[in-house]
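What follows is a short report on a single structure.
Position 1 is the first residue of the sequence, and the numbers go up from there.
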Amino acid sequence: MLHAIAKITTSSGLQGEVRLRPFSRYSIDYIMNKNLQIGNFEKNLTDLKLENTIGIGKKMRFKFKGIDSSEEANNIIGKVIYIHSDKNDDINLVGNNIIGFYVETESGRKAGILKDIMWLPANDAYVVLNEGKELLIPVIDEVIIRLDIESKKIIIADIDGLLEL
């Protein structure tokens with residue numbers, strides 16, 4: 001699966017460094033360890049390779065191979081960085097492509113439809129719309145049992161109080 005993981009927001013420095021807006025808590029790890037592609041749309045992508053990082057946290061800058069000046073860096077501002085993942089990769093649990101999936105418990109109790117994914121400090125959370133009300137479901141191993149891409153369902157554990165409004 002193809003996932004958008006970050007957007008290039010600004011250039012920084014004279015050597016072609018850029019700053020990014022990550023789309024999930026996994027973004028930086030994937031940029032450091034996966035094959036990357038860049039583009040404006042999922043169909044017009046080119047390969048991108050990380051050369052170096054400078055700084056830490058929100059001040060982190062990224063230097064990509066072939067982007068060696070501030071002018072070249074300015075040309076990629078606004079473009080999106082993508083990665084390919086397999087079906088068992090954690091990023092599938094927080095990708096925008098699962099918005100609209102049905103959420104239900106292992107026993108078949110309907111929880112609602114996934115409306116949004118919140119990136120919270122401790123863990124991500126699903127915002128599930130259930131009869132006009134929102135439920136927050138933590139995206140942690142103890143709660144999320146499986147993601148079924150084919151049937152567009154997210155199966156969660158039967159935990160007392162989890163689906164209480």
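Contact detail for V128 and V103: the closest heavy-atom pair is CG2-CG2, 4.0 Å. Scanning both residues, S24 and I91, for their nearest heavy atoms gives OG-CD1, 4.2 Å. Smallest separation of non-hydrogen atoms from G13 and S70: O-CB, 3.6 Å. Contact between L135 and A111 at its shortest, heavy atoms only, is CD1-O, 3.7 Å.
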Chi angles and distances behind the side-chain contact (heavy atoms from CB on, under 4.5 Å) call for I156, I144: CA-CA 5 Å; I156 61 174; I144 307 303; 3.8 Å; yes
Is there a side-chain contact (heavy atoms from CB on, under 4.5 Å) between R21 and I8 once you walk through the steps? CA-CA 6 Å; R21 179 173 52 90; I8 297 174; over 6 Å; no
Before giving the answer on side-chain contact (heavy atoms from CB on, under 4.5 Å), spell out for L129 and L114 the whole-Å C-alpha distance, their side-chain angles and the decisive distance to 0.1 Å. CA-CA 6 Å; L129 191 60; L114 182 63; over 6 Å; no
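A search for side-chain hydrogen bond (donor to acceptor under 3.5 Å, both in side chains) contacts involving K65 returns nothing, not counting sequence neighbours. Residues satisfying the side-chain hydrogen bond (donor to acceptor under 3.5 Å, both in side chains) criterion with N52, sequence neighbours excluded, are absent altogether. Qualifying salt bridge (Lys or Arg N to Asp or Glu O under 4.0 Å) partners for D116, counting only residues two or more places apart in sequence or in other chains: none. Remark: S27 engages no residue in a side-chain hydrogen bond (donor to acceptor under 3.5 Å, both in side chains) (not counting sequence neighbours).
Side-chain atoms of T9 come within 3.5 Å of backbone atoms of R19 as a donor-acceptor pair (strictly under, hydrogens ignored). Of the possible donor and acceptor atoms, none in the side chain of D68 sits under 3.5 Å from a partner among the backbone N and O of Q15. Side-chain atoms of Y126 do not come within 3.5 Å of backbone N or O of I113 as any donor-acceptor pair.
Contact of the H3 side chain with the N97 side chain is registered, since non-hydrogen atoms from C-beta on lie closer than 4.5 Å. Side-chain atoms of L163 and I137, non-hydrogen and from C-beta on, do get closer than 4.5 Å to each other. With a 4.5 Å cut-off on side-chain heavy atoms, L45 and L2 count as touching. The closest side-chain heavy-atom distance from M118 to V127 is below 4.5 Å. Using a 4.5 Å heavy-atom cutoff, the side chains of N35 and I83 are not in contact. In this structure, F62 and I28 have side chains that are in contact, with non-hydrogen atoms separated by less than 4.5 Å. The shortest distance between side-chain heavy atoms of I31 and T53 does not fall below 4.5 Å. Counting only heavy atoms from C-beta outward, the side chains of L162 and P138 approach each other to under 4.5 Å.
Between the CD atom in E17 and the OG atom in S12 there is a gap of 6.5 Å [rounded to 0.5 Å]. Separation of atoms CD1 (I149) and CD1 (I154) is listed at 8.5 Å; rounding is to 0.5 Å. Separation of atoms OG (S151) and OH (Y102) is listed at 11.0 Å; rounding is to 0.5 Å. Between atom CG of residue N130 and atom NZ of residue K115 there is a gap of 12.5 Å, rounded to the nearest 0.5 Å. The distance from the CG atom of L36 to the NZ atom of K49 is 8.5 Å, given to the nearest 0.5 Å. For the atom pair CG (N74) and OG1 (T10), the distance works out to 9.0 Å, reported to the nearest 0.5 Å.
For K63, the NZ atom is densely surrounded, since the number of other residues' heavy atoms within 6.0 Å is greater than 12.
Each salt bridge (charged side-chain N to carboxylate O under 4.0 Å, His left out) pair with one or both residues in residues 146-157, not counting sequence neighbours, appears once here: E104-K153.
Considering I140, I145, V139 as possible partners of V143, the one that fulfils the side chain to side chain contact (heavy atoms under 4.5 Å, CB included) test is I140.
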Identify every side-chain donor-acceptor pair in residues 75-82 under 3.5 Å, counting partners at least two apart or on other chains, and give the distances.
unit_1 : atom_1 : unit_2 : atom_2 : d
N75    : ND2    : E71    : O      : 3.4

